[in-house]
Amino acid sequence: MLKYEPHVHSNHSDGNNSVKEILDEAIKKKIEIISITDHDTLNGSLEAIEIVNEEHLPIIVIPGIEISTKNGHLLVYRIDREVEKGMEMAETIKAAKELGGFTVLTHPFEFYRHGCVKPNYFKHVDAVEVFNAKSYLNFLASYFANKYKKPIMAGSDAHSVYTIGYGLTLVDLNVEMKHKNDNTVSNRVFEAIMGFKVKIEGKRVPLRLRLTKLFK
Ligand SMILES: [Zn+2]
Ligand SMILES: [Zn+2]
């Protein structure tokens with residue numbers, strides 16, 4: 001099983017660390033696949049791809065972005081263009097899919113952190129983040145993902161290197177897929193997620209760490 005960390009913020013949005021620091025920490029934690037999902041910008045992902053290619057780092061980067069829609073946050077993977085923020089959730093999902101994006105509802109019901117509040121959106125996305133290391137409402141995300149028979153993922157939502165890996169999606173792929181940075185890998189990853197061939201692993205970020213800005 002390959003370790004995929006699909007939800008990390010860098011200093012391209014509100015994260016504490018640079019992309020390089022995030023990649024180094026992920027490699028140290030033996031994470032094989034990562035997505036930098038900054039708020040409303042693909043720049044973190046693009047920089048990660050550049051660094052990995054230039055320095056031949058042993059990690060696969062799948063581009064990602066966390067879009068602020070009018071109705072809550074939405075993760076989109078495998079796109080090379082940004083989708084406008086501030087649109088309706090349904091409209092954003094449609095636009096992202098037209099670009100070939102893989103759409104994931106993140107920390108649903110967490111209205112105090114811009115999670116969507118309507119279960120209705122579960123129907124439209126490709127998958128649901130049923131474990132977010134910062135969320136108190138993962139049980140509700142799981143309940144509705146199960147109800148709507150949606151594929152599942154887990155992510156840390158790390159805003160600092162300390163909490164990278166607190167939420168992981170374990171993907172059943174051949175090991176020879178390692179160290180390749182092309183679309184084949186991301187397609188295989190999302191095929192596995194769609195086929196329910198993943199396991200999720202996670203531990204919640206302790207409140208004492210979240211209260212210290214450095215560890216958020
Ligand atoms: Zn969010
Ligand atoms: Zn996030």
Side-chain angles (χ1 to χ4, degrees), residues 4-19 21-23 25-26 31 33-48 61-79 82-89 92-93 96 101-119 121-122 124-138 140-142 144-145 152-169 200 202-207 209-210 213-216:
Y4 177 28
E5 162 60 276
H7 194 164
V8 180
H9 295 269
S10 79
N11 56 12
H12 281 278
S13 63
D14 59 348
N16 286 330
N17 297 97
S18 68
V19 170
E21 287 166 335
I22 291 168
L23 293 173
E25 181 72 12
I31 287 166
I33 312 171
I34 193 166
S35 293
I36 315 266
T37 50
D38 279 308
H39 297 284
D40 305 306
T41 176
L42 265 177
N43 289 346
S45 286
L46 299 178
E47 192 190 346
V61 177
I62 296 177
I65 184 170
E66 184 168 1
I67 304 171
S68 311
T69 80
K70 208 180 256 179
N71 316 97
H73 286 175
L74 175 77
L75 288 168
V76 180
Y77 299 97
R78 201 180 52 186
I79 50 169
E82 287 165 10
V83 177
E84 214 180 301
K85 67 172 181 177
M87 297 194 294
E88 297 281 343
M89 175 72 86
T92 314
I93 293 169
F102 188 83
T103 56
V104 179
L105 214 48
T106 178
H107 54 81
F109 305 110
E110 280 210 312
F111 60 91
Y112 43 89
R113 285 206 305 139
H114 308 289
C116 77
V117 286
K118 282 193 203 156
Y121 300 123
F122 278 67
H124 305 296
V125 285
D126 295 303
V128 177
E129 187 189 63
V130 295
F131 182 87
N132 175 299
K134 298 265 177 70
S135 175
Y136 292 97
L137 300 174
N138 289 322
L140 275 180
S142 290
F144 282 100
I152 56 167
M153 287 176 73
S156 70
D157 207 353
H159 285 67
S160 87
V161 290
Y162 302 100
T163 48
I164 289 173
Y166 271 60
L168 290 172
T169 302
I200 59 168
K203 52 181 176 182
R204 277 190 33 82
V205 174
L207 195 58
L209 289 189
R210 292 182 60 186
K213 193 178 175 286
L214 184 67
F215 294 100
K216 70 180 181 174

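Since the model is a prediction, treat every value here as computed from it, not as a measurement. Counting starts at 1 for both ligands and their atoms, following the listed order.
At a cut-off of 2.8 Å, E66 coordinates the Zn ion (ligand 1) through an N, O or S atom. The distance from the Zn ion (ligand 1) to the nearest N/O/S atom of H107 is under 2.8 Å. Residue contacts to the Zn ion (ligand 2): H39 brings no N, O or S atom closer than 2.8 Å. Between the Zn ion (ligand 1) and H73 there is an N/O/S contact shorter than 2.8 Å. Coordination check, H9 versus the Zn ion (ligand 2): passed, since an N/O/S atom of the residue sits under 2.8 Å.
For the ring pair (Phe, Tyr, Trp, His ring centres under 6.0 Å) test with H159, the passing option among H9, H12, H7 is H9; the others fail.
Rounding to the nearest 0.5 angstrom, the gap separating the CG atom in N71 from the CD atom in E88 is 5.0 Å. Atom CD1 of I67 sits about 9.5 Å away from atom CE of M89, to the nearest 0.5 Å.
In D157, the N, O or S atom that comes nearest to the Zn ion (ligand 2) is OD1.
Judged purely by atom type and a 3.5 angstrom limit, K134 uses its side chain to pair as donor or acceptor with the backbone of D157.
The closest side-chain donor-acceptor pair between T37 and E66, if any, does not fall under 3.5 angstrom.
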